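All values reported here derive from a predicted model rather than from experimental measurement.
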Amino acid sequence: MNADKTDGAERGVIVFGSPVAVGHVRPLMPLAKRLVDRGFTVIWAISGDDNEPASAWRKPLSELGVEFVDVDEAIGFPRGKSDELASMTIAAVFRRVTARANDVAPAAAAAIAAAIAERPVLACVYDYFALWFYVAMRRLGVDNIDVVVSAFPAILDGISPATYIDDAVYTRELHQLRASGFGSFSETPRFGIVPLDPLLRVLCFSSARLCPDVPAGVQLLGVQRDALPRIDAISSAPANHQDLVRRLELARASGSPVLLLSMGTVVTRLLVRMGGEKLAFLRRLYTTFSSVALREGATIVASTSECSAAELGVDESALGPAARDRVVAMPFVPQPLLFAHGLVDAMLMHGGANTFYEAIVSGIPLLISPGFGDQEFVALAAERLGVGVCVESIMIPSLTGARPISRVAEEVLPAMLAAGDNHWKTAARSLAAHIKAEDGLDAAESAVLTRR
């Protein structure tokens with residue numbers, strides 16, 4: 001099924017593969033649309049599970065002009081609910097990725113082959129968590145494959161291999177992949193999930209300005225601004241989001257800066273479900289920064305996910321009467337809308353790569369308390385770049401260079417919220433200007449279409 005790139009969409013297809021999560025699908029969507037607009041046939045396969053089915057992406061991907069393959073219809077992944085794969089540990093992530101590749105790849109290969117329908121495959125692009133896709137395409141004899149790392153690139157060499165190499169379940173699943181005979185698994189994959197295949201190119205929608213020490217073998221494409229959500233038209237937003245915009249515009253017009261507290265849906269849920277000291281830490285983050293911000297005359301917007309304002313300490317009982325008029329707590333904050341209209345002066349976040357890029361492009365100073373994965377590298381990068389500070393983390397207690405919550409709240413946050421310029425704002429604006437001059441989409445298109 002291999003074929004060199006030739007002009008004209010009628011000559012072949014380009015195949016995408018990804019897991020179901022938004023952070024892994026969204027970075028690839030503009031690239032798929034660009035290729036469709038160029039006249040190429042794009043096939044996109046997704047494998048999901050009970051809580052996040054692949055079918056959720058049928059409509060948005062079909063609207064791009066993509067031929068959608070719902071791998072769940074061919075084969076599910078029931079083992080994903082087993083105790084050894086569903087546990088809330090870092091090792092379980094690597095277990096699930098390799099186990100899914102074992103369980104799903106054969107049927108996925110058949111479903112993708114049916115969609116390809118004997119047309120030559122010009123290129124394949126997949127998100128690095130979709131190891132099953134790599135195995136499926138290699139089963140079909142395709143070797144012109146690019147893998148996109150939808151994370152801060154430093155993660156590839158930044159996580160200790162002991163996290164997965166010493167895990168018995170991961171080792172068992174990896175041995176099964178080796179025995180299948182498809183793909184390059186004679187050696188342990190890089191970061192546990194990126195095969196050491198000399199034909200596999202590793203791409204990343206990041207920038208050398210953000211990650212000057214790029215891991216070996218990784219091609220940085222530039223930040224994919226087209227994949228970062230942006231909502232300019234306030235009139236098209238839901239009524240409660242329009243109300244929030246008007247409220248923040250009035251606050252800033254009166255001299256009140258805006259602090260956004262958003263520790264991310266996944267991290268917030270994780271800390272809440274772990275309970276005890278983890279939930280207490282999350283509450284301390286929100287309450288401490290909110291208290292200081294209120295003292296400095298700021299208005300606060302807090303993303304609470306599944307929690308109540310009281311559980312996170314961003315209500316009147318925890319913060320006093322000032323919270324009544326100057327704290328807005330809501331499960332989902334329309335971040336792209338607020339960023340697009342310049343309504344955030346500083347932000348507490350978890351260090352997710354996509355949110356980091358959104359904030360960087362918007363020139364927003366950051367306070368980052370990382371949760372897991374690449375988030376610690378994002379936090380350290382923000383500190384190094386001068387656009388933010390690395391705050392202590394309950395999930396990574398030994399994080400080098402992290403500052404205590406109380407110290408950041410008293411020494412850093414007031415300066416970030418103060419009127420006029422400061423070095424964080426200046427660095428953020430300068431970096432935003434450079435990042436906006438890059439074009440990750442053009443670079444990605446060029447890379448894929450020149451694949452031989």
Residue pair [X] / [Y], side-chain donor-acceptor N/O under 3.5 Å:
{"X": "H24", "Y": "S18", "result": "no"}
{"X": "R178", "Y": "S186", "result": "no"}
{"X": "Y357", "Y": "S206", "result": "yes"}
{"X": "D70", "Y": "S55", "result": "no"}

Would you check if the side chain of [X] reaches a backbone N or O of [Y] as a donor-acceptor pair within less than 3.5 Å?
{"X": "D72", "Y": "G48", "answer": "yes"}
{"X": "T171", "Y": "I165", "answer": "yes"}
{"X": "S180", "Y": "L177", "answer": "yes"}
{"X": "S369", "Y": "E392", "answer": "yes"}
{"X": "S393", "Y": "M395", "answer": "yes"}
{"X": "S305", "Y": "C307", "answer": "no"}
{"X": "R95", "Y": "E84", "answer": "yes"}
{"X": "W57", "Y": "V20", "answer": "yes"}
{"X": "S291", "Y": "T287", "answer": "yes"}
{"X": "N422", "Y": "A415", "answer": "yes"}

For atom NZ of K33, is the number of surrounding heavy atoms from other residues, nucleotides or ligands below 6.0 Å larger than 12? no
Should the heavy atoms of other residues, nucleotides or ligands under 6.0 Å from CG of D83 be counted, would the total exceed 12? no
So which of E73, E63, E67 actually passes salt bridge (Lys or Arg N to Asp or Glu O under 4.0 Å) with R58? E73
Can you find a pair of side-chain heavy atoms, one from [X] and one from [Y], that are under 4.5 Å apart?
{"X": "P189", "Y": "L196", "answer": "no"}
{"X": "L260", "Y": "F339", "answer": "yes"}
{"X": "S262", "Y": "Q335", "answer": "yes"}
{"X": "F16", "Y": "L35", "answer": "yes"}
{"X": "L366", "Y": "F356", "answer": "yes"}
{"X": "L385", "Y": "L431", "answer": "yes"}
{"X": "T304", "Y": "E311", "answer": "no"}
{"X": "L367", "Y": "M347", "answer": "no"}

Hey, could you give me the [atom1]/[atom2] distance between [X] and [Y], rounded to the nearest 0.5 Å?
{"X": "I90", "Y": "F372", "atom1": "CD1", "atom2": "CZ", "answer": "6.5 Å"}
{"X": "I368", "Y": "C390", "atom1": "CD1", "atom2": "SG", "answer": "7.5 Å"}
{"X": "D146", "Y": "L31", "atom1": "CG", "atom2": "CG", "answer": "9.5 Å"}
{"X": "I396", "Y": "S398", "atom1": "CD1", "atom2": "OG", "answer": "8.0 Å"}
{"X": "L156", "Y": "F377", "atom1": "CG", "atom2": "CZ", "answer": "9.5 Å"}
{"X": "I360", "Y": "S207", "atom1": "CD1", "atom2": "OG", "answer": "10.0 Å"}

Can you tell me how the ring of Y134 sits relative to the ring of F185, calling it parallel under 30°, perpendicular over 60° and tilted otherwise? perpendicular
Classify the angle between the aromatic ring planes of F94 and Y164 as parallel (below 30°), tilted (30 to 60°) or perpendicular (above 60°). tilted
Evaluate L203 against V149 for side chain to side chain contact (heavy atoms under 4.5 Å, CB included), listing each step before the verdict. CA-CA 6 Å; L203 312 177; V149 177; over 6 Å; no
I'd like to know whether T41 forms a side chain to side chain contact (heavy atoms under 4.5 Å, CB included) with I14, so could you lay out the CA-CA distance, the side-chain angles of the two residues, the decisive distance to 0.1 Å, and finally the verdict. CA-CA 6 Å; T41 297; I14 298 173; over 6 Å; no
Residue pairs, two or more places apart or on separate chains, that pass ring-ring contact (aromatic ring centres under 6.0 Å, His included) and touch residues 266-287: none
Salt bridge check, [Y] against [X]: does any charged N sit closer than 4.0 Å to a carboxylate O?
{"X": "E277", "Y": "R284", "result": "no"}
{"X": "R26", "Y": "E358", "result": "yes"}
{"X": "R269", "Y": "E306", "result": "yes"}
{"X": "R138", "Y": "D143", "result": "no"}
{"X": "R295", "Y": "E410", "result": "yes"}
{"X": "R96", "Y": "E173", "result": "no"}
{"X": "R403", "Y": "E383", "result": "yes"}

Identify the heavy atoms of R209 and P212 that sit nearest to each other, and give their distance. O-CD, 4.4 Å
Side chain to side chain contact (heavy atoms under 4.5 Å, CB included) with C124: of I145, L140, V147, only one passes, and it is I145
What verdict does the side chain to side chain contact (heavy atoms under 4.5 Å, CB included) test give for L85 and F77, after you've listed the backbone C-alpha separation in whole Å, the side-chain angles of each residue and the deciding distance to 0.1 Å? CA-CA 11 Å; L85 299 185; F77 182 47; 3.9 Å; yes
Verify side chain to side chain contact (heavy atoms under 4.5 Å, CB included) between I46 and V69, making sure each step is shown before the conclusion. CA-CA 7 Å; I46 292 184; V69 176; over 6 Å; no
Could you list the residues that satisfy ring pair (Phe, Tyr, Trp, His ring centres under 6.0 Å) with F205, not counting sequence neighbours? none
